Peer 1: 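Take a look at the following structure, please.
Bear in mind that the values here come from a model prediction, so they are computed numbers and not experimental data.
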Amino acid sequence: MYRAIVSRHRLPRVYRLSLTGLWLLPAVIFLLTFVIGGLRSGSIDVRLLFLLGVMSLPALYVWHEGVDVLADGLQVRIHGTHYYRFDELDTWYIDTHTSRRRLTIWKRDNCKVLECHPAHLSDMPVLMRTLKEHLRYRHWPE
């Protein structure tokens, strides 16, 4: 089913998981402290749980961003997960100017599906090959 998973993070999976654990460590230490110290009524405030949740959001969200290149479309996992079939997509463009360097993909109704720096993607050649096969390139003058 998957042809490739193009991650927005170039770190190997082991390091990404380690960083996620490190990011969650303060919340785990806080909770363990309360459990070891004995849970008393009023010892855990809702505001503390809210802060622990907010501290955990980046660890649970940031490392899962990326683009899945499937046989029949793209699954974009940036600010939520969206699946786009190749027949829904229209054009793509890569701006190679040194100050802008951006990859942009548009749907048929001229809405942007993806805009990112190509250097952030882990397997850019796979994505480029797939885009060249299925979508037309949008030629813009430099």
Peer 1: Drop me the distance from Trp23's CH2 to Leu57's CG, to the nearest 0.5 angstrom.
Peer 2: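 Here the rounded value is 10.5 Å.
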
Peer 1: Could you work out, with salt bridge (charged side-chain N to carboxylate O under 4.0 Å, His left out) as the rule, every residue matching Arg136, not counting sequence neighbours?
Peer 2: Asp90

Peer 1: Through direct or indirect side-chain contacts below 4.5 angstrom among Ile, Leu, Val, Met, Phe, Trp and Tyr, which residues connect to Leu32?
Peer 2: Val28

Peer 1: Return yes when atom OH of Tyr84 has more than 12 non-hydrogen atoms of other residues, nucleotides or ligands closer than 6.0 Å, and no otherwise.
Peer 2: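 Counting neighbours around OH of Tyr84, more than 12 heavy atoms of other residues, nucleotides or ligands fall under 6.0 Å, so yes.
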
Peer 1: Would you please test Ile94 and Arg102 for side-chain contact (heavy atoms from CB on, under 4.5 Å) and show each step?
Peer 2: CA-CA 6 Å; Ile94 189 159; Arg102 294 235 181 230; over 6 Å; no

Peer 1: Should the ring pair Tyr137 and Trp92 be called parallel, tilted or perpendicular, given that the plane angle runs from 0 to 90° and is split at 30 and 60?
Peer 2: perpendicular

Peer 1: Any idea which heavy atoms bring Leu70 and Phe86 closest together, and the distance?
Peer 2: O-CE1, 3.9 Å

Peer 1: How would you list, by chain and number, every residue that makes a side-chain hydrogen bond (donor to acceptor under 3.5 Å, both in side chains) with Thr91, sequence neighbours excluded?
Peer 2: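 Partners of Thr91 under the side-chain hydrogen bond (donor to acceptor under 3.5 Å, both in side chains) test: Arg138.
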
Peer 1: So Thr104 and Lys112, do their side chains get closer than 4.5 Å, heavy atoms only?
Peer 2: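 Yes; the side chains approach each other to less than 4.5 Å.
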
Peer 1: Start with the C-alpha gap between Thr81 and Val76, add the side-chain angles, then the distance that decides, and say whether side-chain contact (heavy atoms from CB on, under 4.5 Å) holds.
Peer 2: CA-CA 6 Å; Thr81 302; Val76 179; over 6 Å; no

Peer 1: Linking I/L/V/M/F/W/Y whenever any side-chain heavy atoms sit under 4.5 Å apart, do Met55 and Leu17 land together?
Peer 2: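 Each belongs to a different hydrophobic cluster.
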
Peer 1: What residues form a side-chain hydrogen bond (donor to acceptor under 3.5 Å, both in side chains) with Tyr83, not counting sequence neighbours?
Peer 2: Asp72

Peer 1: To the nearest 0.5 Å, tell me how far Arg85 CZ sits from Lys107 NZ.
Peer 2: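 Nearest 0.5 Å value for the CZ-NZ distance: 10.0 Å.
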
Peer 1: Can you list the steps and then say if Leu74 with Leu131 is a side-chain contact (heavy atoms from CB on, under 4.5 Å)?
Peer 2: CA-CA 10 Å; Leu74 298 176; Leu131 292 176; 4.3 Å; yes

Peer 1: Show the numbers, then the answer: is there a salt bridge (charged side-chain N to carboxylate O under 4.0 Å, His left out) between Arg101 and Asp95?
Peer 2: CA-CA 5 Å; Arg101 293 193 198 265; Asp95 192 348; over 6 Å; no

Peer 1: If you round to the nearest 0.5 Å, how far is CZ of Arg108 from CG of Asn110?
Peer 2: 12.0 Å

Peer 1: Starting at CD1 of Ile105, measure out to CG of Leu103 and round the result to the nearest 0.5 Å.
Peer 2: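 Going from the CD1 atom of Ile105 to the CG atom of Leu103 covers 5.0 Å.
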
Peer 1: Nearest heavy-atom pair of Ala27 and Leu52: which atoms, and what distance?
Peer 2: CA-CD2, 3.6 Å

Peer 1: For Val54, which fellow cluster members are found when Ile, Leu, Val, Met, Phe, Trp and Tyr are connected by side-chain heavy-atom distances below 4.5 angstrom, either directly or through intermediates?
Peer 2: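 Via sub-4.5 Å side-chain contacts, Val54 links to Phe50.
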
Peer 1: List for me each residue that meets side chain to side chain contact (heavy atoms under 4.5 Å, CB included) alongside Leu25, sequence neighbours excluded, and say none if there are none.
Peer 2: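 Scan of Leu25 (side chain to side chain contact (heavy atoms under 4.5 Å, CB included), adjacent residues dropped) gives Leu22, Ile29.
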
Peer 1: Which atoms form the tightest heavy-atom contact between Arg77 and Asp68, and what is the distance?
Peer 2: NH2-OD1, 2.8 Å

Peer 1: Quick one: list whatever passes side-chain hydrogen bond (donor to acceptor under 3.5 Å, both in side chains) with Asp109, sequence neighbours left out.
Peer 2: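 Asp109 satisfies side-chain hydrogen bond (donor to acceptor under 3.5 Å, both in side chains) with no other residue.
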
